[in-house]
Structure formats: structure tokens, C-alpha cells
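Below, each value reflects all heavy atoms present in this structure, side chains not excepted, and no hydrogens, waters or symmetry copies.
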Amino acid sequence: MPATGGSPPRLRFEKLQRLLHRRGVPLLEVPEYPGNAPYYRTFWQPGSRTAVSFVAVHGEYSTPDSLRVGDVYRIQAPVTAQEVELRRERARR
């Protein structure tokens, strides 16, 4: 199939969160790593041990030009409860 030349489809975090909420799947926000803040926000789904990060603020050298504010940047798994707790502990310091 030939390339269309268009940009790849983007997934909006708000839409993903809304769909998961309708299915009773909670997403819990976890503190962002200092190097990623304020450009990204990350939410964690404990049951699947999956984290979803999205672009919160555009940064000229910190976020991809192909993504807009609100677009999902990364889906990562597994993300353990221990990892989430470490991030929370770092944020409290």
C-alpha cells in the first residue's frame, strides 16, 4: 500500500481516559520525573500495570513537533506499584 504522505494518527489522552472511564478502568496520576515536568503528565492503571504519558505543555526542545498538547506520547508496560511509589516519594522531597 503506498504511503499517503499524511501524518500518523494521534491519540488524544482525553478520549482514551473517557473510554476507559466508561469501562470502569481507573487511571491514577503519578508524579512526573523532574526532567519531564511540566511537559508531560503520566497516568497509571494499576490492574494492567500500564502507564500512559501525554504532552501537557509544548516545549520547543522537550516535546516532539509532531504531537500537540493533549496527545498521547507513550504507553509503557509493565509499570509496577513499586515504581509508582518511588515516583511519589521523589515528588515529596
Side-chain angles (χ1 to χ4, degrees):
M1 182 176 216
T4 60
S7 59
R10 294 187 297 260
L11 175 60
R12 303 293 294 167
F13 176 75
E14 184 178 284
K15 181 176 183 177
L16 175 64
Q17 187 177 37
R18 187 174 54 247
L19 291 169
L20 291 172
H21 179 75
R22 281 189 211 149
R23 289 169 173 79
V25 179
L27 289 175
L28 309 173
E29 187 163 13
V30 296
E32 198 54 63
Y33 289 113
N36 291 342
Y39 306 106
Y40 299 96
R41 288 177 63 192
T42 299
F43 285 75
W44 180 59
Q45 206 301 306
S48 65
R49 299 185 331 169
T50 302
V52 178
S53 299
F54 71 95
V55 178
V57 175
H58 176 71
E60 185 175 355
Y61 300 107
S62 301
T63 57
D65 290 337
S66 61
L67 296 179
R68 299 179 307 204
V69 170
D71 287 346
V72 170
Y73 172 66
R74 174 177 40 198
I75 298 174
Q76 179 183 355
V79 176
T80 65
Q82 292 82 6
E83 282 182 73
V84 170
E85 189 52 39
L86 281 172
R87 288 173 79 153
R88 289 180 176 147
E89 285 177 21
R90 285 185 191 133
R92 287 189 278 258
R93 294 182 200 167

Discussion item. Given 3.5 Å as the limit, does a donor-acceptor pair link the side chain of Arg74 with the main chain of Ser53, or not?
Written reply: no

Practice prompt. Give the cluster check for Leu28 versus Val79: same hydrophobic cluster or not, with ILVMFWY residues linked at side-chain heavy-atom distances below 4.5 Å.
Written response: yes

Worksheet entry | Heavy-atom side-chain proximity of Glu83 to Thr80 below 4.5 angstrom | yes

Worksheet item: Where is the tightest heavy-atom contact between Arg10 and Asp71, given as atom of each residue plus distance?
Response: CD-OD2, 2.6 Å

Discussion item. Same cluster or not: Val25 versus Val52, using hydrophobic residues (I, L, V, M, F, W, Y) connected whenever any side-chain heavy atoms lie under 4.5 Å apart?
Written reply: yes

Discussion item. With no hydrogens and no angle check, just 3.5 Å: does a side-chain donor-acceptor pair link Glu32 and Thr42?
Written reply: yes

Discussion item. For a quick test of reading the model, state the closest non-hydrogen atom pair linking Arg41 to Ala56 and the distance between them.
Written reply: CG-CB, 3.7 Å

Fill in: Pairwise ring-ring contact (aromatic ring centres under 6.0 Å, His included) hits with a residue in residues 57-91, at least two apart
Tyr40-Tyr73

Discussion item. If I compare all heavy atoms of Phe54 with all of Val72, which pair ends up nearest, and what's the gap?
Written reply: CB-CA, 3.9 Å

Practice prompt. Report whether Trp44 and Leu20 are members of the same hydrophobic cluster (ILVMFWY, side-chain heavy atoms less than 4.5 Å apart, transitive linking).
Written response: no

Practice prompt. Identify, with sequence neighbours excluded, every residue that meets side chain to side chain donor-acceptor pair (under 3.5 Å) alongside Arg18.
Written response: none

Worksheet item: Is there a side-chain contact between Gln76 and Thr50 (heavy atoms, below 4.5 Å)?
Response: no

Worksheet item: Hey, quick one: are Leu86 and Tyr33 part of the same hydrophobic cluster, counting side-chain heavy atoms closer than 4.5 Å, chains of contacts allowed?
Response: no

Fill in: Arg88 side chain near Val30 side chain, heavy-atom distance below 4.5 Å
yes

Discussion item. Minimum heavy-atom separation for Tyr39 and Ser62, please, with both atom names.
Written reply: CE1-OG, 3.3 Å

Response to the item:
Here the pair of heavy atoms bringing Pro46 nearest to Pro26 is CD-O, 4.2 Å

